[in-house]
There are 2 protein chains.
Amino acid sequence: MGEKDTGTEQDILGAAEEVFIKKGYAATKTTEIAKLAGINHAMLHYYFRTKENLFNVVFQKKVKLMADSFFLVAQEKKPFLEIVQMTVERHFDFIRGNSYLAIFIINEINSNEKNSQVWRNIALPIFKNVIKTIDMMMKVEISKGTIRNIDAIDFILNIISLNIFVFAAQPILKGLKNVSEEEYEKFLDNRKKENVRLALLALQP
Amino acid sequence: MGEKDTGTEQDILGAAEEVFIKKGYAATKTTEIAKLAGINHAMLHYYFRTKENLFNVVFQKKVKLMADSFFLVAQEKKPFLEIVQMTVERHFDFIRGNSYLAIFIINEINSNEKNSQVWRNIALPIFKNVIKTIDMMMKVEISKGTIRNIDAIDFILNIISLNIFVFAAQPILKGLKNVSEEEYEKFLDNRKKENVRLALLALQP
DNA sequence: CATGTAATTAACTAAATTGTTAAACAAAAA
DNA sequence: TTTTTGTTTAACAATTTAGTTAATTACATG
């Protein structure tokens, strides 16, 4: 044990992540990964045996990353509405920094039952836990009358929907707004505020 | 002129829509389309010459459908907030009836610049027009003080985000809720109401 | 019915793509 | 140094897939 990953293995993985996430499984050619990693393409098979194998390594890693990205905050001892704000903002920032990730995962889950299974095994437990935590916090607030009686899943779904879609539809939006990179970033900043606002509004009694 | 489409041509198109939308361009094999259409696969090339050609026909048709799905309502002479409600509901119903469509289009746009171009040519003009109409109506309401000063694009983006994501993430949600088909449909009905509510809330002064 | 045109089929080609293998090479252990 | 083990390479094999073609059938028109 303790075998540290070789340089080449990491190179392959890094390149695979990049190409798979950008193009999806079907459109990705192993030769392209090899080329990007700067290695002979036999090496790819030497380390990972098959394309599917390599994909699974990448996919599982990314599913975990995605699942963890949500609601790490829930622990902190702050007022609930402040926690909500922080959570939305952090999630938004994460998606912003990984703008291809969400659509990649959603797409692979939609187009392959095996990937759905991977999601269920890795992400679902994490998510269920998150929902449980949020749900408990919400129940307290509801009983205090500070927020309205809304289902935790619906609440979380609002946030994820609003945060992810801006980036999933990025090419569309850029075509629509047709502004400079700088101004587009400002639009995103504003979008983050909007999403926080809406998430909080949705809780109003 | 006036050549009505032959039966086979329609069969191919129908099958192509089904497979392309479900699997995306790269994962689709022309042989599968031919098989589903119940024809010799040479016919596919006879009528459409290339896979790309066939895809473009499908894609353009669907992009137009998607673009038109939004805000056909804007004409009617009703109070603004009622128009908003109807619009959100109709859009939700459309997405519900075409649940693979949105993610298909988003994905193809993200993974191919040519498809981005198609979107720009077909959907953008329609969308810009819709935004203009909404924007005008909103400006009137804003001056009356009935809604807050919010950008039309942001407002529309809220609606589309909320409506589309539930269906894009359908396999995830079904795994999460893990209820009967019937109960899941009820969840969606409730979701529609929630989205209307949120869209209206976002407008509150 | 004859003749020309369009639709259909089966067999084929060319290229791409995943995966294998045997041999060369490098590095560490004996 | 020799041996052993793991890494890398180039060449190859097998399969899949888009696209073609030439021959056949169906169909309409004179």
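Chain identifiers are assigned alphabetically (A, B, ...) following the order of the sequence lines, protein sequences preceding nucleic acid strands; residue numbering begins at 1 within each chain.
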Margin query: In this structure, how many angstroms lie between the P atom of dG6(D) and the OH atom of Tyr47(A), rounded?
Written below: 12 Å
Next item on the list: Give every residue pair that meets the salt bridge (Lys or Arg N to Asp or Glu O under 4.0 Å) criterion with at least one member in residues 194-204 of chain B, sequence neighbours excluded.
Entry: Arg148(A)-Glu194(B), Glu194(B)-Arg197(B)
Checklist line | Length of the line joining Met43(A):CE and dA24(C):P, which is rounded to integer Å | finding: 18 Å
Next item on the list: Grab the two heavy atoms, one from Tyr25(A) and one from Lys51(A), that are nearest each other, plus how far apart they are.
Entry: O-NZ, 3.1 Å
Item checked: Length of the line joining Phe48(B):CZ and dT8(C):P, which is rounded to integer Å -> 12 Å
Checklist line | Spacing of Ile39(B) atom CD1 relative to dT9(C) atom P, expressed in whole Å | finding: 8 Å
Note to self: Can a donor-acceptor pair be found, under 3.5 Å and without considering hydrogens, that links the side chain of Lys22(A) to the backbone of Thr28(A)?
What the structure shows: no
Next item on the list: To the nearest Å, give me how far apart NZ (Lys35(A)) and P (dT18(C)) are.
Entry: 14 Å
Notebook entry, point to check: Any ion pair linking Asp135(B) and Lys128(B) (charged N to carboxylate O, less than 4.0 Å)?
Noted result: no
Margin query: Does the plane of the ring in Phe59(B) sit parallel, tilted or perpendicular to the ring in Phe55(B)? Use 30° and 60° as the thresholds.
Written below: parallel
Next item on the list: Would you confirm whether Asn163(B), through its side chain, and His91(B), through its main-chain N or O, come within 3.5 Å as a donor-acceptor pair?
Entry: no
Collect all protein-nucleotide pairs involving nucleotides 17-21 of chain D in which both atoms are nitrogen or oxygen and the distance is under 3.5 Å.
from    : atom 1 : to       : atom 2 : distance (Å)
dA18(D) : OP1    : Thr30(B) : N      : 3.3
dA18(D) : OP2    : Thr30(B) : N      : 3.0
dA18(D) : OP2    : Thr30(B) : OG1    : 2.5
dG19(D) : OP2    : Lys51(B) : N      : 2.6
dG19(D) : N7     : His41(B) : NE2    : 3.3
dG19(D) : O6     : His41(B) : NE2    : 3.1

